[in-house]
Every structure is written in structure tokens, then in C-alpha cells.
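Here the structure comes first, spelled out in C-alpha cells, and everything after it is commentary.
The chains referred to below are lettered A, B, ... by the order of the sequence lines, with proteins before strands, and numbering in each begins at 1.
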2 protein chains.
Amino acid sequence: MTAAAFAPAHITGFFAINLDPDPLKAGSTGCGFCLMKGVTARNRTNLSINRSIIRLNGKQIDLPTLEYMIEYLLGPEHPSLNIDLTGDVPLGYGFGMSGASVLASALVVNNMFNLNMTVDQVASAAHVAEVVNRTGMGDVAGQCAGGVVIRTEPGTSGIGKIDRISVEPLEVSWVCLGEISTASVLNDLIAIEKINKIGKRVLKALLKRPTLNDFMDLSREFAIDTGLISSRALDAVEAVEAHGGKASMAMLGDTVFAIGRCGALEEFGPVGISRIGISGAHYL
Amino acid sequence: MTAAAFAPAHITGFFAINLDPDPLKAGSTGCGFCLMKGVTARNRTNLSINRSIIRLNGKQIDLPTLEYMIEYLLGPEHPSLNIDLTGDVPLGYGFGMSGASVLASALVVNNMFNLNMTVDQVASAAHVAEVVNRTGMGDVAGQCAGGVVIRTEPGTSGIGKIDRISVEPLEVSWVCLGEISTASVLNDLIAIEKINKIGKRVLKALLKRPTLNDFMDLSREFAIDTGLISSRALDAVEAVEAHGGKASMAMLGDTVFAIGRCGALEEFGPVGISRIGISGAHYL
């Protein structure tokens with residue numbers, strides 16, 4: 001068996017969190033977009049080891065969210081797995097790479113063990129693992145659908161609700177300034193109250209004019225009004241705007257993204273580029 | 001403006017119809033899959049004519065469903081449009097090409113007139129046009145999502161519910177034996193009663209084991225039990241099975257489709273081939 005699956009990276013522009021005690025109903029509303037770049041997961045054939053091993057770009061790592069998903073699907077007595085992840089963008093910088101890793105791996109596990117789950121069932125395992133481990137609240141729902149996804153009601157695919165902004169093919173660029181721990185923000189209940197108030201306000205505004213330009217403007221407003229944006233990230237956003245572009249901060253990472261190939265970002269670090277990805281997670 | 005959009009062809013294996021008086025809630029449950037092949041719609045720049053002109057593969061045609069969608073979106077006093085459709089598979093043979101034509105054109109209209117509609121809103125215009133004109137009841141919902149789509153609740157995208165069978169990349173092949181008018185079947189209420197009873201039964205069975213193999217077996221059962229399959233189509237299905245393959249009839253067209261490249265179909269006519277398409281309708 002050599003199952004391989006891909007899940008796109010996902011940049012969230014703004015969000016509001018729902019901490020429902022049922023992890024299938026918990027999640028977030030908001031808006032973000034998938035990239036053509038993301039994570040490819042493969043199972044390695046050697047199952048003779050006595051514990052699961054996860055590698056990202058060849059290096060062994062601990063991903064408790066991924067281990068949780070495996071146990072969720074296969075039970076506590078599950079066989080050891082060897083999962084190789086290839087990531088096109090870094091983990092921890094607001095690309096939803098935790099969600100992409102778990103979602104692509106869940107597709108692989110579904111295939112390896114003939115679990116015969118639908119896409120929504122596979123996504124639910126990834127979503128629950130993310131929510132319980134506080135590594136993400138809505139990336140998986142976006143990554144399951146593909147495109148520029150508006151999450152209008154929180155929860156896993158099939159329980160929450162989504163719609164999509166219809167966009168022509170285009171590139172986005174970004175610069176990574178630093179890491180942010182999603183869990184550190186999600187565990188700050190006072191911060192969440194403020195975030196949710198602003199997140200709900202900008203979502204309501206987006207639904208009145210669901211265009212990419214409005215998404216960018218409202219993401220910027222969200223990043224600044226919540227205080228989540230760092231001063232260096234704000235500098236980068238303003239540098240893009242000085243060149244007539246639109247930019248904001250990837251939630252949650254100290255990463256600034258912009259529409260199009262944006263040279264103004266270069267003074268802040270190496271610039272990444274990807275087209276927006278219209279396909280959701282899938283087998284390769 | 002040179003907006004261009006693509007919508008995939010969609011082959012339905014089985015269905016049950018809901019004739020709700022509200023066309024947004026009307027539609028069908030069932031299961032089918034999208035192809036990489038489909039329809040590309042482009043607007044032509046010459047708007048100096050005094051009525052809309054629709055061309056399919058260069059030849060002017062009447063598509064009342066498409067004209068209905070234009071009026072639905074732009075009102076009765078809308079400017080004349082020139083829409084060029086390029087179809088990869090024929091219209092009238094069970095590929096959901098009516099739905100694909102209307103959905104791709106609706107994306108183009110959304111772009112041309114800056115209607116700022118979400119994907120679900122665009123799809124709803126196409127779905128309503130299909131339902132009112134009885135040219136299709138569920139193709140658009142599948143074509144909006146992409147992949148192998150189970151329609152678990154009827155209605156347009158965002159009102160109905162879908163899930164997807166997770167499949168590895170694969171090819172399907174088909175042979176077209178003759179045309180069937182979707183409206184002629186949808187207007188036969190006695191036939192619909194029988195179709196719905198069988199369609200609901202096989203959907204229930206599919207949801208217990210949502211795999212591609214089960215989809216094929218249940219589609220065959222549906223085609224035979226409803227009596228919708230022609231004797232020549234049944235011959236083609238049996239020829240595929242005699243070679244160890246799986247096949248059924250595209251709903252609604254006198255077309256037999258099979259999983260994989262299927263040489264056994266060749267004795268029945270020219271064989272078409274496409275990969276299953278995982279992307280829903282999108283701009284080009």
C-alpha cells in the first residue's frame with residue numbers, strides 16, 4: 001500500500017471562535033483561502049516498529065494532533081504507522097499546516113485501513129483532532145473545500161456551513177516574520193471575547209459584499225482592531241499598500257500575505273508565492 | 001472583459017427527485033461524479049446585437065435554460081449577451097451538460113456585470129434555471145463541488161446537503177447510445193414515484209458503505225430496477241462485466257459508463273475517456 005494524499009495550506013484572514021463542548025460543533029466562522037501549496041502525506045511500508053513515527057520533510061517531529069487523529073480513527077490499540085509529510089510552506093506561521101498535515105494523513109489512514117469513510121467523515125477526524133489539541137479551529141473546513149472559503153457557521157464539514165468567494169485564478173505572496181502558537185491565543189479567553197466581537201462584525205460586512213478586495217480590507221481591519229498584528233507585520237502591510245497593493249496578516253502566524261507577486265515584501269525577508277488552490281484535499 | 005469559466009460534466013448513477021414548489025429547495029438526492037471534461041463558457045465582446053446569442057462549439061443553439069438564468073440574474077431588460085460554449089462531451093446524453101453550460105455561463109455573467117455573488121449564489125441561479133426548465137435536478141450541486149458527490153438532501157448548494165466519496169485518481173470511460181430528454185422523464189409522475197422509491201433505497205445502502213464499488217453496484221441496480229436502462233445499454237453493461245469491470249447507465253442519457261479504460265465498450269460505439277474531476281466549477 002502506498003496511499004498518498006494532499007491537503008492545501010490555508011491562510012485565514014479573520015475569524016470568530018465557537019468553543020462548543022462538542023468538538024464536531026466547535027470551530028470558527030471567518031474567511032480564508034487555500035493555496036496550491038500544502039502538505040503531501042504518505043505512509044511508509046515498514047510497519048515493524050513499535051510506535052508511530054511522523055516525519056516532516058525528512059525530519060522526525062512530534063505532532064500530537066496527528067497522533068490524536070490516528071487514535072480517534074483506529075482506537076488506542078492501533079498499529080504503529082510511519083507517516084512521511086512533505087510540506088511546501090513552514091509549520092507555525094499561519095498557513096494551517098497543522099490542519100493540512102492531519103487532513104492529508106487522515107485520508108491516508110482511511111485508505112490504508114479500508115475505513116470506507118466519506119470526505120466529510122475523514123475531515124471530521126482531522127477537525128476534532130485540531131479542536132481538541134487547540135492547533136486550529138477552522139482550517140480543515142476550508143482545506144476540505146478548496147478555494148476562498150467563507151465559514152458562515154462553525155463546525156466540521158457537514159455540520160458547519162461554508163460558501164466561497166468566486167475568484168479568477170491569481171497568485172498571492174507572503175513573508176514570514178515569526179511563529180505564533182495558535183493554542184496560546186485560543187487559551188486566552190479575554191482575547192477571544194474581543195476577537196469574536198470584531199470577527200463577527202467583519203464577517204457580516206463581508207457577506208454584504210463577498211469579494212476578494214473586501215476580504216483583504218476586512219482582514220486588515222480585523223488584524224489591527226484585535227491587536228493581533230505585530231508592529232513589524234504592520235510595517236510590511238503598509239509597505240505593500242504604499243505600492244498600491246493589499247495585504248494583511250495570516251491568522252495565526254506572524255506572516256504577512258498580499259494579493260499578487262508583491263516586491264514590496266522583499267525588504268522584510270524571503271517572499272513565498274503560490275496560486276490560490278481551488279481543489280480541496282484529495283488523494284494523489 | 002474576457003471572462004471565462006469552466007464547469008465539469010457530471011454523470012449521475014442514481015437519484016430521487018424532490019419537486020418542491022420552491023426551486024431552491026427542489027432538486028434531487030443521489031450520487032454521481034464530475035469529469036475533468038466539461039464546458040468552458042466565454043463572453044464575446046461584441047454586444048451590439050439586439051438579442052442574446054448562444055453558441056455551442058461554434059454552432060448557434062437555443063438553450064432556454066441558459067436564457068432563463070440570464071434573465072434571473074440580470075432582469076427582463078438585460079443587455080444582449082454573446083456566450084460561446086465549448087463542450088468536451090455531447091449535450092443530451094446524460095453528462096449534465098445543460099447544468100454545466102448554465103453554471104459556467106452564470107460565473108461569466110457574475111464577472112461581466114460585477115454582481116459580486118458567492119459561488120453558492122451563482123450556483124443557485126443555475127440550479128433554479130435547471131429545475132424550472134426541467135433540464136436537470138441535481139447536476140449543478142455536484143458540479144459546484146467537484147469529485148464523487150453524494151447528494152444527501154435535495155436543493156441548491158447551501159440549502160441541500162452533499163458529501164463526497166473519497167477516491168484515488170482514476171479514469172472512467174463511456175459509450176453514447178442515444179439521447180434521452182430529461183424533461184420527458186421528469187414530467188412522468190408515475191415514473192417518478194417508482195424512481196424515487198428505488199433511488200431512496202439505494203442511497204440508504206450507499207451511505208452504509210460509501211465506496212466507488214458500491215456506487216457502481218447500486219447504480220446498476222437502480223438502472224435495472226427502475227426500467228430506465230435500454231436493452232442495448234444493458235448489453236453494454238454486461239459486456240463490461242464479462243471482462244471483470246463495473247458499468248451502469250448515465251442518468252439521464254442512453255449512455256453507459258464504466259470504471260477505468262474499458263475496451264469492452266468499443267463494440268458499441270466510439271469510447272470516451274476522462275479522469276474524474278475533483279475541482280468544482282471555477283474561473284479560468
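- Looking at Thr156(A) and Ser124(A), their side chains do bring a donor and an acceptor atom within 3.5 Å of each other.
- Leu207(A) does not touch chain B: none of its heavy atoms, backbone or side chain, sits under 4.5 Å away.
- Of the residues considered (Asp163(B), Asn116(B), Ile165(B)), Asp163(B) shows the highest number of contacts with chain A, using heavy-atom pairs under 4.5 Å.
- Relative ring orientation between Phe6(B) and His282(B) is described as tilted, the plane-to-plane angle lying within the 30° to 60° band.
- With respect to Asp84(A) and Arg42(A), no salt bridge is recorded, no charged nitrogen being found less than 4.0 Å from a carboxylate O.
- Ring to ring, Phe15(A) and Phe222(A) are close: their centroids are under 6.0 angstrom apart.
- Contacts between Ile162(A) and chain B at a heavy-atom distance below 4.5 Å involve the backbone alone (N, CA, C, O).
- For a residue to count as touching a neighbouring chain, one of its non-hydrogen atoms must lie under 4.5 Å from one of that chain's; by this rule Thr118(A) touches chain B with backbone and side chain alike.
- Of the two parts of Val167(A), only the backbone, made up of N, CA, C and O, holds a non-hydrogen atom closer than 4.5 Å to a non-hydrogen atom of chain B.
- Between the side chains of Glu130(B) and Thr65(B), no donor-acceptor pair of N or O atoms lies under 3.5 Å.
- Only the side chain of Asn110(A) comes within contact range of chain B, with heavy atoms under 4.5 Å apart.
- Cys31(B) and Ile150(B) make their closest contact through SG-CG1, 4.0 Å (heavy atoms, listed as atom of the first residue, atom of the second, distance).
- The residue among Leu107(B), Val122(B), Leu284(B), Thr152(B) with the most heavy atom pairs within less than 4.5 Å of chain A is Leu284(B).
- Taking a cutoff of 4.0 Å between a charged side-chain nitrogen and a carboxylate oxygen, Arg261(A) and Glu171(A) qualify as a salt bridge.
- Both the backbone and the side chain of Arg164(A) come within contact range of chain B, each with at least one heavy atom under 4.5 Å from a heavy atom of that chain.
- Of the residues considered (Ser166(B), Pro169(B), Gly147(B), Ala145(B)), Ser166(B) shows the highest number of contacts with chain A, using heavy-atom pairs under 4.5 Å.
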